[in-house]
Amino acid sequence: MDESRALRRAGWAGAASLVLLVAAVALGYLVGVDDASMSDSDILERLNDDGRQAAAGFAPPVLAAGVALLLWFAAGLRRVLERLSGGDPLTHVIVPAAAMFGGLMITGVSLDLGSAFAAWSDEFTPDPNTVRSLGMAGQILALTGLIGCGVMVAVTTRIARQAHALPTWATWASYAVVLLCLSGFWSGGMASAAFGLWLIGAVVGVLRAARSAAPMQGGLAPETASTPPTTTNN
């Protein structure tokens with residue numbers, strides 16, 4: 001597979017990952033408990049609602065698919081950054097940082113949804129305080145995973161800035177996203193929304209890199225084809 005096609009597919013994988021991650025969080029919210037002030041009756045109503053349970057059952061596989069696509073995008077982003085930087089070793093942290101985010105996100109959502117899945121069994125009696133504890137633990141883990149997102153943004157911004165590929169305002173905006181992501185739990189939904197916006201910009205950047213790679217590769221073929229074979233006269 002040529003470089004342009006690989007980057008283009010990685011870019012679209014990043015766009016799809018954002019859609020799936022948002023969908024997974026929305027599905028999990030139907031039965032998840034991330035607010036300790038929620039009343040006992042509301043918690044039990046969420047856990048025992050068959051419709052909500054069925055909808056939330058799609059959250060884990062959708063989330064896993066979104067994380068897998070994000071890793072695909074991270075691999076493509078690393079290739080773009082390697083080309084910009086000439087092989088800066090910092091590019092190698094992009095994929096592990098995305099994996100850190102994905103792993104903690106999956107673990108956090110699983111903790112949050114565990115009580116709802118257990119409620120399907122007649123042998124489990126939901127306890128609101130236990131559900132609150134698991135829900136808050138899941139939320140803390142998932143938001144802590146945003147530190148991995150902060151690493152992705154910081155490395156990308158540093159390399160792109162050194163290559164003069166980012167304007168000043170975009171550099172400062174990216175570093176603001178880094179600070180929000182590193183604050184983890186304390187930034188709450190603001191960090192998640194900020195990273196989502198940054199991811200859209202990164203997807204656009206990778207797709208542009210794919211378009212710029214196509215003429216470079218396409219321009220080699222005609223030149224090679226037009227070069228007449230050389231013969232040696234003995």
Side-chain angles (χ1 to χ4, degrees), residues 1-22 66-105 143 145-184 187 189-224:
M1 183 184 299
D2 59 73
E3 182 77 6
S4 175
R5 185 181 303 174
L7 291 179
R8 186 167 60 250
R9 291 184 176 181
W12 287 117
S17 73
L18 180 59
V19 174
L20 292 179
L21 290 174
V22 172
V67 170
L69 290 175
L70 182 64
L71 291 174
W72 186 357
F73 169 75
L77 178 62
R78 184 189 66 184
R79 296 175 71 171
V80 173
L81 296 178
E82 285 179 341
R83 189 169 64 183
L84 279 177
S85 64
D88 191 322
L90 271 180
T91 59
H92 295 290
V93 308
I94 293 292
V95 175
M100 172 188 173
F101 165 72
L104 290 179
M105 186 76 173
L143 291 176
L146 288 171
I147 294 176
C149 299
V151 173
M152 289 180 60
V153 178
V155 172
T156 302
T157 303
R158 177 183 180 275
I159 293 176
R161 183 59 179 168
Q162 287 181 340
H164 305 288
L166 277 182
T168 302
W169 69 266
T171 300
W172 287 111
S174 296
Y175 282 132
V177 174
V178 173
L179 291 177
L180 285 173
C181 289
L182 293 181
S183 62
S187 59
M190 290 181 59
S192 302
F195 176 72
L197 293 175
W198 177 87
L199 183 57
I200 293 173
V203 166
V204 173
V206 170
L207 291 176
R208 286 182 176 179
R211 286 198 298 268
S212 65
M216 294 174 59
Q217 295 174 349
L220 295 176
E223 182 179 353
T224 304

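Not measured: the values here are computed from a predicted model. All values below come from the heavy atoms of this structure, side chains included, with hydrogens, waters and symmetry mates left out.
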Does [X] use its side chain to pair, donor to acceptor, with the backbone of [Y] at less than 3.5 Å?
X    : Y    : result
T156 : V153 : no
R79  : L7   : no
T157 : T171 : no
D88  : T91  : no

Of all the heavy-atom pairs spanning [X] and [Y], show the shortest one and how long it is.
X    : Y    : result
R9   : W72  : CB-CZ2, 3.8 Å
S4   : A210 : OG-O, 2.8 Å
R8   : L207 : O-CD2, 3.7 Å
C181 : F195 : SG-CB, 4.2 Å
F73  : A202 : CZ-CB, 3.7 Å
L90  : V155 : O-CG1, 3.6 Å

Can you check whether [X] reaches [Y] side chain to side chain, under 4.5 Å on heavy atoms?
X    : Y    : answer
L20  : L70  : no
L143 : S192 : yes
F101 : V151 : no
S212 : R83  : yes

Out of curiosity, [X] [atom1] to [Y] [atom2], how far, rounded to the nearest 0.5 Å?
X    : Y    : atom1 : atom2 : answer
S85  : R78  : OG    : CZ    : 11.5 Å
H92  : L81  : NE2   : CG    : 11.0 Å
S174 : L197 : OG    : CG    : 11.0 Å
L146 : M100 : CG    : CE    : 9.5 Å

Inset, instruction - Starting from the C-alpha separation in whole Å, work towards a yes-or-no answer on side chain to side chain contact (heavy atoms under 4.5 Å, CB included) for I159 and E82. - result: CA-CA 9 Å; I159 293 176; E82 285 179 341; over 6 Å; no

Inset, instruction - Walk me through it: do S17 and L199 pass the test side chain to side chain contact (heavy atoms under 4.5 Å, CB included)? - result: CA-CA 10 Å; S17 73; L199 183 57; 4.1 Å; yes

Inset, instruction - Return the orientation label for the W172 and Y175 ring planes: parallel under 30°, perpendicular over 60°, tilted otherwise. - result: perpendicular

Inset, instruction - Kindly determine whether L21 and V67 satisfy side chain to side chain contact (heavy atoms under 4.5 Å, CB included), including the steps that lead there. - result: CA-CA 7 Å; L21 290 174; V67 170; 4.2 Å; yes

